[in-house]
*Asks:* 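I'd like to ask you about the structure that follows.
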Amino acid sequence: MIDEPRANYTHGHHESVLRGHSRRTAEDSAAYLLPHLRPGLSVLDVGCGPGTITGDLAARVAPGPVTAVDQFGAVLDVARAEIQRRNLSNVSFATADVHRLDFPDDTFDVVHAHQVLQHVADPVRALREMRRVCRPGGVVAARDADYAGFVWYPRLPALDLWLDLYQKAARANRGEPDAGRRLLSWALEAGFADIAPTGSLWCYATPATRQWWGGMWADRILHSGVARELLRLGLATPAQLEEISAAWRAWAAAPDGWLAIPHGEIICRA
């Protein structure tokens, strides 16, 4: 039997995960793509999650159609509710794995994936599929974080442990947590010749953003798919996860707390 690659989502869809994803906008997560959008274009949003970025893209290309896909039907229900809340009529939904997109060749003007390629077993194959369904001259766009590049202060030892454990869990799940630095390499291997690589940061250093990020991860390390994987694989103990959770809350409460998350980005012409 052939071991087909799959998109394996390490984080899962606990409330703490969706809380983080629902904060994302096209402006803070897809700014590199926005200059390439205009009304009337058709868009495929791969791994749409709760749909906040999808909704922003749909508003920019309306009346152009947007197709939002995710591997998990339950999160598509969340995305549908978000689109309905915004009264957008140009978005449709489908379940899909980026390794095997169920669309004809040359279907979309723009194919977009945010924080997706770090989770898939074969990112080169995924990019080839994104290219296949993109019309000639269209845009394939991807953005992914690079966990090894995370920088924070104060440097709490339990947060070093968090990073080490997360990377181990992601790789055990056939992902690549340092995807940001590899996007250009993967795109070249996938056969793209016209690639514009860029990078950008998320930075959390105000009391409000520290409380949001630190509180989210304090819950996430105890209750999300990451926690289940770490315990299942024997990589961490419940006591260690409690220690990491407390460290995230301590970091959030520090008046000089600062965190930067680097991202790689690519715009590829099909």
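This is a predicted model, so every value here is computed, not measured.
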*Asks:* Treating R132 as the side-chain partner and F103 as the backbone partner, does any N or O pair qualify as donor plus acceptor under 3.5 Å?
*Replies:* yes
*Asks:* To the nearest 0.5 Å, how far apart are CD in Q118 and CZ in R143?
*Replies:* 11.0 Å
*Asks:* If you measure from CG on L37 to CZ on R60, what distance do you get to the nearest 0.5 Å?
*Replies:* 7.0 Å
*Asks:* Indicate yes or no: at least one non-hydrogen side-chain atom of F150 is less than 4.5 angstrom from one of Y166.
*Replies:* no
*Asks:* Compare all side-chain heavy atoms of I266 with those of W186 and state whether any distance is below 4.5 angstrom.
*Replies:* no
*Asks:* Atom CZ of R135 and atom CG of D105: how far apart are they, to the nearest 0.5 Å?
*Replies:* 12.0 Å
*Asks:* In the single-linkage hydrophobic clustering (I, L, V, M, F, W, Y; side-chain heavy atoms under 4.5 Å), do W258 and W213 co-cluster?
*Replies:* no
*Asks:* Could you check if a side-chain atom of T107 sits within less than 4.5 angstrom of a side-chain atom of L101, using non-hydrogen atoms only?
*Replies:* no
*Asks:* Do you know which of D122, L183, L117 makes side-chain contact (heavy atoms from CB on, under 4.5 Å) with L127?
*Replies:* L117
*Asks:* For Q167, check side chain to side chain contact (heavy atoms under 4.5 Å, CB included) against everything at least two apart and list the hits.
*Replies:* Y147, A148, L163, R171, P177, D178
*Asks:* Do you know which two heavy atoms are closest between V111 and C134, and how far apart they sit?
*Replies:* CG2-CB, 3.8 Å
*Asks:* Any side-chain heavy atom of R182 sitting closer than 4.5 Å to one from E189?
*Replies:* no
*Asks:* Would you please classify the geometry between the W202 ring and the H263 ring as parallel, tilted or perpendicular, with 30° and 60° separating the classes?
*Replies:* perpendicular
*Asks:* Is there a side-chain contact between D144 and R181 (heavy atoms, below 4.5 Å)?
*Replies:* no
*Asks:* Can you tell me how far the NE2 atom of H112 sits from the OG1 atom of T54, to the nearest 0.5 Å?
*Replies:* 8.5 Å
*Asks:* Quick check: closest heavy atoms across E265 and G199, and the distance to 0.1 Å?
*Replies:* OE1-N, 3.7 Å
*Asks:* Does the side-chain contact (heavy atoms from CB on, under 4.5 Å) test come out yes or no for R228 and R232, once each step is laid out?
*Replies:* CA-CA 6 Å; R228 290 193 299 273; R232 182 184 68 82; 5.9 Å; no
*Asks:* Taking all non-hydrogen atoms of both residues, which atom of A58 and which atom of V91 are closest, and how far apart?
*Replies:* CB-CG2, 3.5 Å
*Asks:* Here's one to test your reading of the geometry: is the NZ or CZ of R155 within 45 degrees of the ring axis of W152 and under 6.0 Å from its centre?
*Replies:* yes
*Asks:* Can you tell me if N90 uses its side chain to pair, donor with acceptor, with the backbone of G64 under 3.5 Å?
*Replies:* yes
*Asks:* With side-chain contact (heavy atoms from CB on, under 4.5 Å) as the test, pick out the partner of H99 among R128, R125, Q71, E129.
*Replies:* R125
*Asks:* In Å, rounded to the nearest 0.5 Å, how long is the span from CG of L233 to CG of L165?
*Replies:* 10.5 Å
*Asks:* Could you tell me which non-hydrogen atom of W248 sits nearest to which non-hydrogen atom of G214, and how far apart they are?
*Replies:* CB-O, 3.5 Å
*Asks:* Between A26 and D56, what is the shortest heavy-atom contact and its length?
*Replies:* N-OD2, 2.8 Å
